[in-house]
Amino acid sequence: MAEDLSVGETILVVDDEPALSAMLEDLLSFHGYKFLQANSAEQALKILQSNHVDLVISDITMPGMDGFELYEKVSQLYPSIKIQLVSGYSEKAQTDQVLHKKVLYKPFHSNEILTHIRSLLDH
């Protein structure tokens, strides 16, 4: 009988770019993580109301609420959920040293995102 790899932690990816979400879905599913996806911060907050999530990976630049605002809301409402911000470029993250350390910059390699995920989930 085949082993069920989908029993791992649940990761919610929040990004308005379908290509990046699809790539992360393939990568995370392959490595045994449960995958949830939202196209906006607002949709992510709705998903968090009714699903157990261990980690949120969120793009910074999105229409409406941006990744920084989502980070603040998730931190307040769900303090046990880990958060990884990703961005191609964010002026705010470049100038704020605390934020800069929390951002993974695109393009990133599969090993890089997997290492960040494991580090966040293990601490």
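Quick caveat, the model's predicted, so the values are computed rather than measured.
- Rounding to the nearest 0.5 Å places CD1 of Ile57 at 11.5 Å from CD1 of Ile83.
- Residues Ile117 and Tyr33 meet the side-chain proximity criterion, which asks for heavy atoms closer than 4.5 Å.
- The closest donor-acceptor contact from the side chain of Asp54 to the backbone of Thr10 lies under 3.5 Å.
- Distance check, rounded to the nearest 0.5 Å: OG of Ser58 to CG of Asp16 gives 9.5 Å.
- Legend: residues meeting side chain to side chain contact (heavy atoms under 4.5 Å, CB included) with Lys73, ordered by chain and number and at least two apart, are Leu45, Met65.
- Taking each heavy atom of Leu85 and Gly67 in turn, the nearest pair found is CD2-O, 3.6 Å.
- In this structure, the side chains of Leu48 and Ile81 come closer than 4.5 Å at one or more pairs of heavy atoms.
- Checked by atom type and distance alone, the side chain of Lys82 pairs as donor or acceptor with a backbone atom of His123 at under 3.5 Å.
- Of all heavy-atom pairs between Ser21 and Gln37, the closest is OG-NE2, 3.3 Å.
- Looking only at side-chain heavy atoms (C-beta outward), Ile60 and Phe68 come within less than 4.5 Å of each other.
- From Leu55, atom CG reaches atom CG of Leu36 across 11.0 Å, with rounding to the nearest 0.5 Å.
- How far NZ of Lys46 is from OG of Ser40: 7.5 Å, rounded to the nearest 0.5 Å.
- Counting heavy atoms from C-beta outward, Leu20 and Asp59 have side chains that stay 4.5 Å or more apart.
- Of the possible polar contacts, one joining the Ser75 side chain to the Tyr71 backbone as a donor-acceptor pair under 3.5 Å is found.
- No side-chain heavy atom of Asp26 sits less than 4.5 Å from a side-chain heavy atom of Met23.
- For the pair Leu28 and Val13, the minimum side-chain heavy-atom distance is below 4.5 Å.
- Between Ala41 and Val14, the shortest heavy-atom distance links the atoms N-CG1, 3.9 Å.
- Note that NE2 of His31 and CG of Leu114 are 4.5 Å apart. Values are rounded to the nearest 0.5 Å.
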